[in-house]
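To start, the structure itself, in C-alpha cells.
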Amino acid sequence: MNRLRLTVAAILSAVAAVPLQVAAWNAPTHMVTGSIAYRILENESPRTVSVIKTLLEKHSWYADRWRDEIEKLPESQRGEMLFMLAARWADDIRMQAKLQRETKWHYINFSFKPAGEPEDIKPLPPDPDNILSALAENRRVVKSQVSENQRSIALAWLFHLVGDVHQPLHTVRLFSREYPYGDRGGNEVCIRLASGRAPLDLHRLWDGLITSTNNVGRLRNIATELLSKFPRVGLRELDQRLAEAWAKESYEIAVKIAYENGNLRGTPKGQASGLPRCTGREFYIPPVSCKS
C-alpha cells in the first residue's frame, strides 16, 4: 500500500508538471502529457514507472487493444506508449460508451457571470459529481484493496483528469443574457477565428490549441519540445499540489483569457447573427450557427 500511495503522488506530480498552457485536452494532447509524465518519472523514479506499467497491464483494454499496438514499437518506446494510451483512454471510452456518471468527471462548472448582466440571470452551483470528486475517488480506488483491473482503470482516470482539470474551459460555465442557463464551458459559444473561416465552438478551440495530429512520432516530438521549453525546475505552479487549486487557477484563466473578462461575445448555437465583426483578438461573431 505504501508503494501505491507513492505511485499516486508521483503520477499527480508528473502530469501536473505539464505547463498549464498545454495541459491535455483533446485525445492527442492527452497523449502528449502521458509522454511527458513517463519521461519525468523515468528520470526521477524508474521504480515508479515499473509499478505503473505492471498495474496498467491489468487494465481491461490492455490485452484487447493496447498490447498489439505497443508491441509494434521498439522496446525502448513501449513503456512511454502505454502511458500515452492510458492518458487518452477516458476520452476513448466516453465516446464509445457514453457513460452517464463518468461524463461529469471531466469537468467542474464554476459559475462566471460578467459584470453588468441582468439580476434575473441566476448562476448555478457546480454539480457535486465533478472532476474534483472524481480525482478524489480515483485516488482512493488506486490505494484500495479492490481488484487490479479496478485499480488500473482508476489509475488511467488519474492520468486523464489531471490533464482535464488544467483545461480552463473544463472549469467554468458562463451565465449571461445570451446564456441564461449557462454555456456548458464554451460548448454553446459559436465563434469564427478569422474572416472566411468556418465557425466552431469556443470549447473545441481550446481543446485543440496544441495539436490534433494522431502521428505518434509527432506527439513525442511535441513532448520533447515542451520539456525543453518548460523545464520542471522553476515552475512555481508545482508548489501547489491540491486539485482544487489547479481548478481555481484554470477558472481564472478561463475568465481572463478565454472569455476576456466577459468581453468576448460569440453567438449561441442555433442562432444567426449577421454580425461578422472582428474584435481585437481576431475573433469574429459568426453569421451562421455551429453544427451541434
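Residues: numbered from 1 along the sequence shown. Since the model is a prediction, treat every value here as computed from it, not as a measurement.
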Do [X] and [Y] come close enough that some side-chain heavy atom pair is under 4.5 Å?
{"X": "Leu226", "Y": "Val32", "result": "yes"}
{"X": "Val189", "Y": "Asp201", "result": "no"}
{"X": "Trp157", "Y": "Glu102", "result": "yes"}
{"X": "Val172", "Y": "Tyr107", "result": "no"}
{"X": "Ile153", "Y": "Trp61", "result": "no"}

Flag, side chain of [X] to backbone of [Y], donor-acceptor distance under 3.5 Å:
{"X": "Asn109", "Y": "Pro126", "result": "no"}
{"X": "Arg177", "Y": "Glu117", "result": "no"}
{"X": "Asp91", "Y": "Arg88", "result": "no"}
{"X": "Asn263", "Y": "Glu260", "result": "yes"}
{"X": "Ser45", "Y": "Leu41", "result": "no"}
{"X": "Gln150", "Y": "Ser147", "result": "yes"}
{"X": "Arg78", "Y": "Glu71", "result": "yes"}

Worksheet item: Are Val141 and Leu161 connected, step by step, through hydrophobic side chains (Ile, Leu, Val, Met, Phe, Trp, Tyr) whose heavy atoms are closer than 4.5 Å?
Response: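 Not linked; separate clusters.
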Practice prompt. Look at the side-chain heavy atoms of Ile, Leu, Val, Met, Phe, Trp and Tyr, link any pair under 4.5 Å apart, and say whether Ile257 and Ile210 land in one connected group.
Written response: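 They do share one cluster, since a chain of ILVMFWY contacts under 4.5 Å joins Ile257 to Ile210.
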Does one side chain, of [X] or [Y], offer a donor that lies under 3.5 Å from an acceptor on the other?
{"X": "Thr54", "Y": "Glu57", "value": "no"}
{"X": "His106", "Y": "Asn130", "value": "no"}
{"X": "Asp183", "Y": "Tyr259", "value": "yes"}
{"X": "Asn26", "Y": "Thr29", "value": "yes"}

Got a second to check how far [X]'s [atom1] is from [Y]'s [atom2], nearest 0.5 Å?
{"X": "Asn215", "Y": "Arg220", "atom1": "CG", "atom2": "CZ", "answer": "11.0 Å"}
{"X": "Ile70", "Y": "Arg65", "atom1": "CD1", "atom2": "CZ", "answer": "13.5 Å"}
{"X": "Leu219", "Y": "Ser35", "atom1": "CG", "atom2": "OG", "answer": "8.5 Å"}
{"X": "Glu188", "Y": "Tyr179", "atom1": "CD", "atom2": "OH", "answer": "8.0 Å"}
{"X": "Thr211", "Y": "Ile222", "atom1": "OG1", "atom2": "CD1", "answer": "4.0 Å"}
{"X": "Trp206", "Y": "Leu169", "atom1": "CH2", "atom2": "CG", "answer": "6.5 Å"}

[X] versus [Y], closest heavy-atom pair with distance:
{"X": "Pro180", "Y": "Phe175", "answer": "O-CD2, 3.5 Å"}
{"X": "Ile131", "Y": "Val165", "answer": "CD1-N, 3.4 Å"}
{"X": "Ser152", "Y": "Leu56", "answer": "O-CD2, 4.0 Å"}
{"X": "Ile121", "Y": "Ser176", "answer": "CD1-O, 3.8 Å"}
{"X": "Lys58", "Y": "Asn149", "answer": "O-OD1, 3.4 Å"}
{"X": "Leu73", "Y": "Gln77", "answer": "CD2-OE1, 4.0 Å"}

Item to complete: For the pair Trp89 and His160, evaluate ring pair (Phe, Tyr, Trp, His ring centres under 6.0 Å) and give the outcome as yes or no after the intermediate values.
Response: CA-CA 8 Å; Trp89 169 81; His160 188 87; 8.6 Å; no
Worksheet entry | Tyr251 and Phe112 aromatic ring geometry - parallel, tilted or perpendicular at 30°/60° bounds |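 Phe112 vs Tyr251 ring planes: perpendicular.
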Item to complete: Decide yes or no on salt bridge (Lys or Arg N to Asp or Glu O under 4.0 Å) for Arg218 and Glu225, but give the supporting numbers first.
Response: CA-CA 10 Å; Arg218 176 59 186 145; Glu225 293 167 9; 3.1 Å; yes
Discussion item. If you apply the rule side chain to side chain contact (heavy atoms under 4.5 Å, CB included), what do you find for Asp164 with Trp105, and how did you get there?
Written reply: CA-CA 9 Å; Asp164 271 350; Trp105 283 4; over 6 Å; no
Discussion item. For Phe110, does the six-membered ring have the charged nitrogen or CZ of Lys248 within the cation-pi criterion, i.e. under 6.0 angstrom from the centroid and within 45° of the normal?
Written reply: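 Geometry flag: set, cation within 6.0 Å and 45°.
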Worksheet item: Looking at Asp127 and Lys104, does any basic side-chain N land under 4.0 Å from a carboxylate oxygen?
Response: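 Looking at Asp127 and Lys104, the cut-off is met.
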Worksheet entry | Identified ring-ring contact (aromatic ring centres under 6.0 Å, His included) counterpart of His59 within the set Trp66, Phe83, Phe159 | Trp66
Item to complete: Let me see the working for His170 and His203 under side chain to side chain contact (heavy atoms under 4.5 Å, CB included), right down to the final yes or no.
Response: CA-CA 8 Å; His170 278 239; His203 190 106; 3.4 Å; yes
Fill in: Tyr62 and Leu82: CA distance, side-chain angles, deciding distance, side chain to side chain contact (heavy atoms under 4.5 Å, CB included) verdict
CA-CA 9 Å; Tyr62 182 79; Leu82 180 56; 4.0 Å; yes
Worksheet item: Pairs in or reaching into residues 107-116: which pass salt bridge (charged side-chain N to carboxylate O under 4.0 Å, His left out), with residues at least two apart or in two chains?
Response: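 Non-adjacent pairs meeting salt bridge (charged side-chain N to carboxylate O under 4.0 Å, His left out): zero.
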Worksheet item: Please, which pairs that meet salt bridge (charged side-chain N to carboxylate O under 4.0 Å, His left out) have at least one residue in residues 28-43, sequence neighbours excluded?
Response: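 Every salt bridge (charged side-chain N to carboxylate O under 4.0 Å, His left out) pair that includes a residue of residues 28-43, provided the two are not neighbours, is Arg39-Glu80.
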